[in-house]
Amino acid sequence: MIMDFGGRALDMGRCHVMGILNVTPDSFSDGGRFNRPDIALMHAREMVAQGAAFVDVGGESTRPGAAPVSLQVELDRVCPVVELIARELDVVVSVDTSTPEVMIETAKLGAGLINDVRALGRDGAVEAAVASGLPVCLMHMQGQPTDMQDRPQYQSVMREVSAFLMDRVRVVEAAGLPAEKILLDPGFGFGKTLEHNLQLLAVLDRLKVLGYPLFVGASRKSMLGQITGRDVNERLPAGLAVATIAALKGASILRVHDVWETVDAVKVVSAMEGVGQ
Ligand SMILES: Cn1cnc2c(O)nc(N)nc21
């Protein structure tokens, strides 16, 4: 299934790697390293050279406990970087935002995907996403980053995550966003215990039957630390294991910090899937 990302067509039947580019001072893994547009461009260039098909630009940290940022701060952080990368590099610029004005502005500057961890939940976000004409990733989150990890609870995490995502699909499609512009994401680490995250990973293929490309992000997250005991910058092997599992289960986009390593892991899965029986 070919999806058009602001003019760049990509086959969602294949698994693509998205490099993370946080332009925030407080992101959990690389906060403050890429705050200047020229430095952000250098990092984006490096990730594209390593095989990233997408770069995800986020101006408001979504890690547990993160404080919201003002509209102007988010615009000032994100717009210059989106404009520079969209102009200089052959890559789909994804914008990690829940803010309607940021969606509209960055679409004008060349963004190719809206990645909203709040599934267009903020006032005006659905209308802005439809107006942008861009594809949108709808992600599940229980609660908000400030409190989502306090007491996550579900009767059945897969059933409730699927129901939430399908409800959001109904809302955005009714508002005019075509089905072929929607991706879905279970939201690893967003209001989930380790057990919830593992249950979602185990049955990720069930989310696939909803008929939309799957987006998965677990890179360096605490779920990997809980399993391995590793600190945030020693979680690459565990992250590659999740990437491999997700690729095998049909994910179309993997959002990671470590691009070439993940590209190689996906190449192994694709090579195996491509060989004749
Ligand atoms: C911004 N961000 C952080 N983690 C993420 C995840 O797992 N999915 C998506 N879509 N975005 C994420």
Side-chain angles (χ1 to χ4, degrees), residues 18-37 39-41 43-44 47 54-86 92-129 131-132 134-150 168 172 183 185-192 215-222 232 253 255-257:
M18 170 185 279
I20 296 170
L21 189 62
N22 285 315
V23 288
T24 59
D26 61 343
S27 289
F28 79 97
S29 162
D30 51 10
R33 286 182 55 200
F34 310 114
N35 282 353
R36 288 188 10 217
I39 296 175
L41 175 65
H43 187 53
M47 293 194 289
F54 298 81
V55 171
D56 197 31
V57 181
E60 176 181 24
S61 174
T62 53
R63 67 166 174 45
V69 298
S70 73
L71 168 61
Q72 198 52 56
V73 164
E74 191 179 357
L75 284 167
D76 291 347
R77 286 176 180 171
V78 170
C79 292
V81 173
V82 169
E83 182 176 28
L84 200 52
I85 295 171
V92 177
V93 181
S94 168
V95 184
D96 156 20
T97 186
S98 301
T99 311
E101 298 86 343
V102 175
M103 295 174 188
I104 294 294
E105 280 313 304
T106 52
K108 290 177 193 165
L109 296 172
L113 171 63
I114 293 169
N115 174 29
D116 185 1
V117 299
R118 294 178 180 80
L120 301 179
R122 282 185 177 160
D123 287 349
V126 172
E127 295 73 14
S132 79
L134 295 181
V136 182
C137 176
L138 302 173
M139 193 197 81
H140 174 270
M141 178 188 327
Q142 186 179 79
Q144 287 299 319
T146 45
D147 66 6
M148 63 189 178
Q149 287 309 111
D150 294 352
R168 296 309 297 160
V172 302
L183 301 99
D185 182 339
F188 289 107
F190 287 89
K192 282 96 177 175
F215 184 128
V216 165
S219 183
R220 300 187 186 173
K221 286 187 177 176
S222 60
V232 64
I253 299 178
R255 181 180 180 274
V256 302
H257 300 85

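Just so it is clear, the model here is predicted, and its values are computed rather than measured. The analysis underlying the following values was restricted to heavy atoms, covering all of them including side chains, and did not include hydrogens, waters or symmetry mates.
- The two atoms that bring Leu120 and Asp116 nearest to each other are N-OD2, 2.6 Å, heavy atoms only.
- Applying side-chain hydrogen bond (donor to acceptor under 3.5 Å, both in side chains) to Asn115 and the options Asp56, Thr97, Asp96, Asp185 leaves one that passes, Asp56.
- For the atom pair OG1 of Thr99 and CG of Leu75, the computed distance is 8.0 Å after rounding to the nearest 0.5 Å.
- Scanning all heavy atoms of the two residues, the minimum distance from Ser219 to Val256 falls at CB-CA, 3.6 Å.
- A donor-acceptor pair under 3.5 Å is absent between the side-chain atoms of Arg255 and the main chain of Gly217, judged by distance alone.
- Side-chain atoms of Gln149 come within 3.5 Å of backbone N or O of Lys192 as a donor-acceptor pair.
- The shortest distance between side-chain heavy atoms of Met103 and Val95 does not fall below 4.5 Å.
- Between the CZ atom of Phe215 and the CZ atom of Phe188 there is a distance of 12.0 Å, given to the nearest 0.5 Å.
- Classification of Lys108 and Glu105 as a salt-bridged pair holds, one side-chain N sitting under 4.0 Å from a carboxylate O.
- The CG atom of Leu84 sits 12.5 Å away from the SG atom of Cys79 when rounded to the nearest 0.5 Å.
- Counting heavy atoms from C-beta on, the side chains of Val57 and Val81 come closer than 4.5 Å.
- Between Arg168 and Val126, the closest side-chain pair of non-hydrogen atoms falls below 4.5 Å.
- At a threshold of 4.5 Å between non-hydrogen side-chain atoms, the residues Ser94 and Met18 count as touching.
- Closest approach of Cys137 and Leu113 over heavy atoms only: N-CD1, 4.0 Å.
- Taking CZ of Arg118 as the start and CZ of Phe190 as the end, the distance is 8.5 Å to the nearest 0.5 Å.
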Step-by-step side-chain contact (heavy atoms from CB on, under 4.5 Å) determination, Leu138 to Val172: CA-CA 10 Å; Leu138 302 173; Val172 302; 4.1 Å; yes

Met47 vs Leu21, side-chain contact (heavy atoms from CB on, under 4.5 Å): CA-CA, chis, key distance, verdict: CA-CA 9 Å; Met47 293 194 289; Leu21 189 62; 4.1 Å; yes

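- Closest of all the heavy-atom pairs between Ser132 and Ala107 is CB-CB, 3.8 Å.
- Between Glu60 and Arg122 there is a salt bridge, since a side-chain N of the basic residue sits under 4.0 Å from a carboxylate O of the acidic one.
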Pair Gln72-Asp76, side-chain contact (heavy atoms from CB on, under 4.5 Å): steps then yes or no: CA-CA 6 Å; Gln72 198 52 56; Asp76 291 347; 2.8 Å; yes

Thr24 and Arg77: CA distance, side-chain angles, deciding distance, side-chain contact (heavy atoms from CB on, under 4.5 Å) verdict: CA-CA 7 Å; Thr24 59; Arg77 286 176 180 171; 4.0 Å; yes

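- Among all heavy-atom pairs drawn from Ala66 and Ser61, the shortest one is CB-O, 3.1 Å.
- Here the CD1-NE2 distance, from Ile20 to His257, works out to 3.5 Å after rounding to the nearest 0.5 Å.
- Summarising the local packing, CG of Asp150 is surrounded by more than 12 heavy atoms from other residues, nucleotides or ligands at distances under 6.0 Å.
- Ala125 and Pro100 get closest at one heavy-atom pair: N-CG, 3.6 Å.
- Atom OG in Ser98 sits 6.5 Å away from atom CE in Met141 (nearest 0.5 Å).
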